[in-house]
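The model shown is predicted, which means the values in this text are computed figures rather than measured ones. Reminder, nothing fancy here: chain letters follow the sequence lines and each chain counts from 1. Hydrogens, waters and symmetry mates are skipped; everything else that's a heavy atom, side chains included, is used.
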Amino acid sequence: MSYDFKEIERKWQRFWQQNQTFKAEDLSKAPKFYVLDMFPYPSGAGLHVGHPLGYIASDIYARYKRHQGYNVLHPMGYDSFGLPAEQYAIQTGQHPATTTEVNSKRYREQLDRIGFSLDWSREVKTSDPAYYKHTQWVFIQLFQSWYDKKSEQAKPISELVQCFEREGNRLVQAHCDSDVPLFDAQQWLAMSELDKEQTLQYYRLAFLADIDVNWCPELGTVLANDEIVNGVSERGGHPVIRKKMRQWSMRITAYAERLLKGLSSIDWPQPLKDAQTNWIGRSEGAEVHFEGIDFQAKISVFTTRPDTLFGVSFMTLAPEHELVLKITTESQRAQVEAYIAETAMRSELDRMSDVKRISGVFTGAYVKHPFTAEPIPVWIGDYVLASYGTGAVMAVPCGDQRDYEFAKHFDLPIPNIFEGVDISQEAFADKEKTIIANSDFLNGLSYAKAKATIIARLESEGNGRGVINYRLRDAVFSRQRYWGEPFPIYYDNGIPRALPFEALPLELPEVEQYLPTPEGDPPLGNATKWAWNTQTKQLVDNVHIDHQTVFPLELNTMPGWAGSSQYFNRFMDPQNDDELVSAERVNYWKEVDLYIGGSEHATTHLLYARFWQHFMFDLGKVPQPEFARKLINQGMITGLSAIIYRKSGTQQYFSHNLIDHKNAEAPNFVNHFEKIRVDVSLINGNDELDIEALKAWQPQYKAASFELENGVYTVGREIEKMSKRWHNVVNPDQICDQYGADSLRLYEMFLGPLEQSKPWNTAGITGVHSFLKKLWRLYEQFNEETPTPENLKTLHKTIKKVTEDLDDFSFNTSVSSFMICVNELTAQKCASRAILEPLAVLISPYAPHIAEELWQRLGHAESIVRERFPEFDASYLVESEKEYPVSFNGKLRFKLMLPSDLSKEAIEEAVMKHHKTAQQLAGSPPKKVIIVPGKIINIVH
RNA sequence: GCCUUGGUGGCGGAAUUGGUAGACGCGCUGGAUUCAAAAUCCAGUUUCUUCGGGAGUGUGGGUUCGAUUCCCACCCAAGGUACCA
């Protein structure tokens with residue numbers, strides 16, 4: 001009987017489904033293990049072979065852990081809110097929910113064919129009201145919380161209100177807006193409801209604020225910084241402008257320090273940790289206040305080099321700085337205003353394209369140096385950002401290259417405050433080698449000492465303080481879109497109020513059009529009827545849920561990352577209607593033990609999800625502040641595009657090597673041809689084009705002529721992202737049809753290290769496929785014979801390697817080990833049950849369908865899934881490796897390799913024996929004998 | 001510019017703590033089987049060579065008896081980030 005993978009795979013997929021083999025048991029006595037993939041957005045294009053890479057790896061690991069006796073949670077769902085479905089809706093009128101439904105069904109079919117051991121009973125969709133009810137709940141909790149710096153955690157806003165009623169806000173240490181006014185209890189009590197609320201908005205973790213946003217007129221929506229690439233929207237490439245709008249924000253900055261510190265407690269890839277660290281951008285320094293000389297104000301600057309305070313020769317403000325117009329002298333006013341207008345005009349794109357340009361204007365104003373009282377001129381310049389630090393810098397040209405260039409350009413003084421340093425060509429910024437000079441009480445001090453000294457002095461004299469600054473900004477949380485979670489918020493005379501939990505979910509209403517309203521409201525402004533939890537209708541009856549009338553609803557929706565920020569907890573308890581997750585369940589499953597997904601989410605999903613998890617931890621709802629203990633970034637599988645070359649202006653196509661790709665003078669230089677990408681399925685393993693198939697593919701090639709080399713047309717190849725556009729997409733269904741799911745799984749792993757990105761090339765799959773056929777044959781006539789030592793060595797060598805590989809996620813080399821194992825056993829003519837049984841278990845995480853079938857063939861009635869993973873026995877290897885010889889490499893060096901677990905006596909004996917041999921061969925006694933314990937002995941002449 | 005990761009045959013990639021570089025697979029060459037093909041199996045496949053042996057893991061140094069592996073400098077590629085004071 002031959003290896004009929006189609007039949008086998010169908011049979012076992014059905015078996016697993018019918019028996020619910022992979023259903024995770026909640027609150028089991030067995031140790032838990034939670035393996036999670038980043039859930040996909042179900043796009044219309046379906047899966048290509050790049051998508052399942054991470055899923056296959058996590059599936060292998062999940063199956064391995066089951067073999068080790070763990071109760072494994074391995075769920076899957078869909079991140080189903082998103083812009084493509086909405087844009088499709090705008091174009092076709094098709095409801096995004098319908099599109100999403102169709103697409104996720106297709107995803108499910110494709111995933112099922114690969115044979116994943118997923119617990120589908122826990123499937124979640126972020127666009128499902130039963131799911132986003134809990135996303136809305138988290139939002140309400142954030143809205144009802146503030147961050148207490150004293151205890152370093154979030155607390156209920158009601159506590160804050162009590163405190164205000166008791167003593168005002170003077171003693172409150174909260175993470176809040178810097179410009180919150182101070183008040184006492186009486187003043188608080190005297191405030192109107194609206195004023196009270198506006199004050200609370202400075203403290204809430206989810207709050208409304210007028211902020212400068214990136215507005216994309218084309219999409220009619222606000223974009224986050226990370227949704228903009230090179231000044232245009234990531235999706236669609238539309239222009240983006242700056243605009244002030246009232247928006248919901250998330251006070252993620254409150255958690256900056258904890259998000260930074262938390263990184264050391266989790267096992268995530270270093271590049272990802274670095275990306276988050278840089279994104280948070282902690283810098284330690286000082287705030288220094290400079291008194292105005294001819295105006296009544298202080299200007300504060302943030303600096304990381306307070307030690308260079310005596311090197312200040314001017315100050316630069318951002319053009320948007322609030323004091324600019326106030327301090328500008330009459331003689332400079334025209335120039336300053338012109339400069340401000342000019343910078344406001346410049347788009348982000350312009351600013352980025354010439355960052356090297358030096359520009360600025362003198363305001364005419366002076367401030368006083370806090371120690372020398374020298375007058376310091378105040379300039380404005382667009383290299384200073386309004387949104388970082390205080391929007392003002394003290395310029396120390398001798399110690400900062402940008403200040404240096406600015407000073408050179410405008411002919412400002414460059415005083416030197418460094419001992420023994422030449423600054424005639426460039427600034428000196430090496431902190432480690434700094435010795436301060438010409439700086440009064442700082443002379444002779446190092447960077448660190450000078451910094452500490454001056455901060456102490458600034459603080460004692462009241463003109464500054466040590467501060468820690470972060471680059472991280474609060475996250476804008478409103479989107480002017482339809483296809484997202486509605487905010488559970490209504491407005492009572494302009495006061496935002498949260499809906500009661502009993503009214504949730506506040507469902508996404510039907511609309512006629514998915515575009516903004518003529519009045520410029522978001523798409524939800526088109527809705528006339530809203531649905532809410534009818535069971536509790538009476539509870540919200542006093543809230544007219546109809547934005548047309550007394551209590552308008554919030555019309556924005558939440559951004560894409562809202563739904564993915566707690567889904568990992570929801571999988572623990574997906575049917576729970578009362579809570580996001582019950583305490584009982586989350587205390588059993590705790591956290592994700594292995595999380596696999598792409599690195600593109602480093603500063604978005606992964607940062608926001610950590611933020612929400614820390615918040616949930618503060619609420620006491622989850623036992624761990626970090627949601628994923630270990631994370632692996634799988635690499636991207638790129639496509640290998642196939643290119644044919646058409647001579648410009650003709651219908652003649654030239655084979656790849658008939659074209660000169662380098663020499664621009666050649667008549668057949670590549671520039672005289674058009675590069676056209678054709679479907680990769682038209683190409684065979686040798687890069688040869690099937691011309692007849694090409695003609696059948698697109699009619700335009702029927703009339704074309706082809707210039708061949710050696711009778712074939714060879715295509716050019718280029719590695720690019722897999723995309724329909726480039727015709728280089730390989731569909732996993734095709735592979736499953738032709739070679740089977742087990743071949744696909746093995747091949748994706750065999751392609752290379754999991755974390756590395758690599759091109760897909762279907763040609764190589766025959767290797768793993770014929771391996772499976774060999775494996776199949778090996779089991780064809782199993783017997784009950786006792787295995788030979790040689791057989792056992794082969795088996796245990798493989799067990800050792802595969803176990804090690806699984807433990808450090810080098811799945812690619814395991815596939816090689818399996819191949820070697822099967823080749824050796826075939827050569828040894830071994831079909832002993834004692835060998836084949838453990839081998840089937842060993843291989844089952846990688847190729848589960850064939851393993852199940854072989855297991856059954858060995859006479860087992862039960863599925864292989866709960867079988868224990870075979871244990872490695874070192875004695876089988878040692879026995880046969882004792883034979884290792886002394887080697888003589890021609891350079892009077894002798895090496896003796898011994899098995900790793902010999903006794904000390906045995907090693908000494910071996911050394912003495914080979915010492916003699918060495919002497920005989922070399923004609924002289926060895927100079928030295930190097931013994932690396934347990935491993936290798938070198939005898940050197 | 002800065003941060004990170006990487007650079008090994010025609011190709012994807014192996015190589016324990018430094019210890020026979022190129023495992024395994026693809027491709028290619030030759031052979032067996034076959035009327036023939038497919039499939040399968042066997043052998044060979046870094047490179048140069050006067051067949052003795054040289055050279056060789058991006059480049060140049062260093063440490064070492066010994067370096068793909070460790071250290072220093074540089075080059076190249078990919079990804080992230082950017083006037084962050």
B:U8 and B:A15, which share atom name C1', separated by this distance in whole Å:
10 Å

B:C84 phosphate, OP1 or OP2, under 4.0 Å from A:Arg402 side-chain N/O:
yes

Taking ring-ring contact (aromatic ring centres under 6.0 Å, His included) as the definition, give me every residue that meets it alongside A:Phe290, ordered by chain and number, with sequence neighbours left out.
none

Counting side-chain heavy atoms from CB outward, which of B:G80, B:C83, B:U81 is closest to A:Arg471?
B:U81

Looking only at atom C1', what distance separates B:C76 and B:A85, rounded to whole Å?
33 Å

Counting side-chain heavy atoms from C-beta on, which of B:A15, B:C83, B:G80 comes nearest to A:Lys801?
B:A15

Taking only residues two or more places apart in sequence, or in another chain, which ones meet A:Gln270 in a side chain to side chain contact (heavy atoms under 4.5 Å, CB included)?
A:Lys273, A:Asp274

Provide, to the nearest angstrom, the distance between the CD1 atom belonging to A:Ile637 and the P atom belonging to B:A78.
20 Å

Between the base of B:C2 and the side chain of A:Asn278, is there a donor-acceptor distance below 3.5 Å?
no

Regarding the side chain of A:Ala763, the nearest nucleotide among B:C26, B:A23, B:A85 is B:C26

Length of the line joining A:Asp430:CG and B:C2:P, which is rounded to integer Å
14 Å

Length of the line joining A:Asn633:CG and B:G80:C1', which is rounded to integer Å:
12 Å

How would you list, by chain and number, every residue that makes a ring-ring contact (aromatic ring centres under 6.0 Å, His included) with A:Tyr747, sequence neighbours excluded?
A:Trp760

Where at least one partner belongs to residues 744-754 of chain A, residue pairs that pass salt bridge (charged side-chain N to carboxylate O under 4.0 Å, His left out), sequence neighbours excluded:
A:Asp59-A:Arg745

Can you see whether A:Tyr470 engages A:Thr253 through a side-chain donor-acceptor pair at a distance of less than 3.5 angstrom?
no

Can you tell me the distance, in whole Å, between the NZ atom of A:Lys797 and the C1' atom of B:C24?
12 Å

Roughly how far apart, to the nearest Å, are B:G61 and B:U69 at atom P?
15 Å

Would you tabulate the pairs of protein nitrogen or oxygen atoms and nucleotide nitrogen or oxygen atoms of nucleotides 5-13 of chain B closer than 3.5 angstrom?
residue	atom	partner	partner atom	Å
B:G12	O2'	A:Leu751	O	2.6
B:G13	OP1	A:Gln756	NE2	2.7

Could I get the full list of side chain to side chain contact (heavy atoms under 4.5 Å, CB included) partners for A:Asn278, not counting sequence neighbours?
none

Counting a pair only when it is Watson-Crick or G-U and both distances are under 3.5 Å, which runs of at least 3 such pairs involve RNA chain B?
B:1-7 with B:75-81, B:10-12 with B:24-26, B:27-32 with B:40-45, B:46-48 with B:53-55, B:58-62 with B:70-74

Residues forming a side chain to side chain donor-acceptor pair (under 3.5 Å) with A:Lys774, sequence neighbours excluded:
A:Asn823

Assigned chi class of B:G52 under the 90° convention is syn

At what distance, to the nearest 0.5 angstrom, does OG of A:Ser810 lie from CG of A:Asn812?
6.5 Å

Check the side chains of A:Asn633 and A:Ser599 for a donor-acceptor pair under 3.5 angstrom, ignoring hydrogens and angles.
no

Salt bridge (charged side-chain N to carboxylate O under 4.0 Å, His left out) contacts in which one or both residues fall within residues 819-828 of chain A, not counting sequence neighbours
A:Lys797-A:Glu824

Rounding to an integer number of angstrom, what distance separates B:C71 and B:U47 when you compare their P atoms?
32 Å

Taking only residues two or more places apart in sequence or in another chain, which ones pass salt bridge (charged side-chain N to carboxylate O under 4.0 Å, His left out) with A:Lys800?
A:Glu804

Does A:Ser599 reach a base, just sugar-phosphate, or nothing at all? Heavy atoms under 4.0 Å.
nothing

Kindly state which residues belonging to residues 773-781 of chain A come within less than 4.0 angstrom of RNA chain B, counting heavy atoms of the residue only, listed by number.
A:Lys773, A:Lys774, A:Arg777

Between B:A15, B:C26, B:C83, which one does the side chain of A:Thr813 approach most closely?
B:A15

In whole angstroms, the gap separating P of B:A85 from OH of A:Tyr470 amounts to 14 Å

Value in whole Å for how far the P atom of B:C42 lies from CG of A:Asn823
7 Å

Given atom OH of A:Tyr388 and atom C1' of B:A82, what is their separation to the nearest angstrom?
13 Å

Earlier contact from the 5' end, RNA chain B, for A:Glu804 and A:Ser283
A:Glu804

Is atom CD of A:Glu322 surrounded by more than 12 heavy atoms (other residues, nucleotides or ligands) closer than 6.0 Å?
no

Distance, P atom - from B:A43 to B:C26, rounded to whole angstrom:
14 Å

Where does B:G9 fall, syn or anti, if syn means a chi angle no more than 90° from 0?
syn

Once side chain to side chain contact (heavy atoms under 4.5 Å, CB included) is applied, do any residues pair with A:Lys721, and if so which ones, sequence neighbours excluded?
A:Met636

In whole angstroms, the gap separating C1' of B:A85 from CZ of A:Phe406 amounts to 13 Å

